[in-house]
Amino acid sequence: MGILNSDGLGGLSIEGIAARAGVSKATIYRRWDSKDDLLVDAIATLVHEVDVPDSGDIRGDLITAISGMHRFVSDTRAGEVFPWLVGEIASGSEIGLRYAGSVIGPRRVMMAQLITHAIERGDLSSDLDVDMAVDMLTGPVIIRRMMGRLEESAGGWASDLVDKLLGGWSA
């Protein structure tokens, strides 16, 4: 992914990838039909599954989820290309749409399920807009990553964020 970080999508070519890997273009094309297919597979190898158990403690579950998201965008190879991918998602590119569908979508569903179960248990207000709640939880992590401010989010930041939001969402 270093070549992507240094050259961006526009500067990325099958020729450059083949040269960096020490193989021929034909070798690349035997496995992938296009640069986008290769990129999707490369990014998929960087992304690990996220499994936040629904323990029945919405506060603890959300802190675990936000802390995991924070680690993902700050401490992983996938996090290194995250700002570039946000631009691809915003532009509606094929790679951006694939990433949104395969990486972001399932994580949003997981977070929404945690919140929905808490509403069903009576822990959160029954009129809570679940999609907006997910946006409110994940948005600060994304903005801080994009603005280079993740280091300000160390320590108890995830707990503080969750506590402030839960204060307004309580039943």
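Bear in mind that the values here come from a model prediction, so they are computed numbers and not experimental data.
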Would you say [X] and [Y] make side-chain contact, with heavy atoms under 4.5 Å?
X      : Y      : value
Met69  : Ile142 : yes
Ile104 : Arg108 : yes
Arg59  : Ser159 : yes
Trp157 : Val141 : yes
Ile63  : Leu161 : no

Discussion item. Quick check against the 3.5 Å criterion: does Asp61 have a side-chain atom that pairs as donor or acceptor with the backbone of Ser55?
Written reply: yes

List the atom of [X], the atom of [Y], and the distance in Å for their closest heavy-atom pair.
X      : Y      : result
Ile89  : Tyr99  : CD1-CD2, 3.7 Å
Ile95  : Glu88  : CG2-OE1, 3.6 Å
Ala65  : Met110 : CB-CE, 4.4 Å
Leu166 : Leu62  : CD2-CD1, 4.1 Å
Leu97  : Gly92  : CD1-O, 3.5 Å
Ile14  : Lys35  : CD1-CA, 4.0 Å

Item to complete: Not counting sequence neighbours, which residues clear salt bridge (charged side-chain N to carboxylate O under 4.0 Å, His left out) with Lys164? List them please.
Response: none

Please round to the nearest 0.5 Å and tell me the distance separating atom [atom1] of [X] and atom [atom2] of [Y].
X     : Y      : atom1 : atom2 : result
His70 : Arg145 : NE2   : CZ    : 10.0 Å
Ser93 : Arg98  : OG    : CZ    : 10.0 Å
Leu38 : Trp32  : CG    : CH2   : 4.5 Å

Discussion item. I'd like to know if Val130 and Val109 are part of one continuous hydrophobic network [Ile/Leu/Val/Met/Phe/Trp/Tyr, side-chain heavy atoms within less than 4.5 Å].
Written reply: no

Discussion item. Is there a path of hydrophobic side-chain contacts, each under 4.5 Å between heavy atoms of I/L/V/M/F/W/Y residues, joining Trp84 to Ile143?
Written reply: no

Worksheet entry | Arg107 NZ/CZ over Phe72 ring centroid, <6.0 Å and within 45° of normal | yes

Fill in: Pair Ser24, Thr27: side-chain N/O donor-acceptor within cut-off below 3.5 Å
yes

Worksheet item: With distance as the sole criterion, is a donor-acceptor pair present between the side chains of Ser125 and Asp127 under 3.5 Å?
Response: yes

Worksheet item: Can Ile66 and Met111 be said to form a side chain to side chain contact (heavy atoms under 4.5 Å, CB included), step by step?
Response: CA-CA 9 Å; Ile66 295 302; Met111 188 88 64; 4.0 Å; yes

Practice prompt. Assess whether side chain to side chain contact (heavy atoms under 4.5 Å, CB included) is satisfied between Ile28 and Ile17, documenting all intermediate values.
Written response: CA-CA 8 Å; Ile28 301 289; Ile17 294 167; 4.1 Å; yes

Please output the side-chain donor-acceptor pairs of residues 113-122 that fall under 3.5 Å, not counting sequence neighbours, one pair per line with the distance.
| residue | atom | partner | partner atom | Å |
| --- | --- | --- | --- | --- |
| Thr116 | OG1 | Ala112 | O | 2.8 |
| His117 | ND1 | Asp54 | OD2 | 2.3 |
| His117 | ND1 | Gln113 | O | 3.3 |
| Arg121 | NE | Asp123 | OD2 | 2.9 |
| Arg121 | NH2 | Gly56 | O | 3.4 |
| Arg121 | NH2 | Asp123 | OD2 | 3.3 |

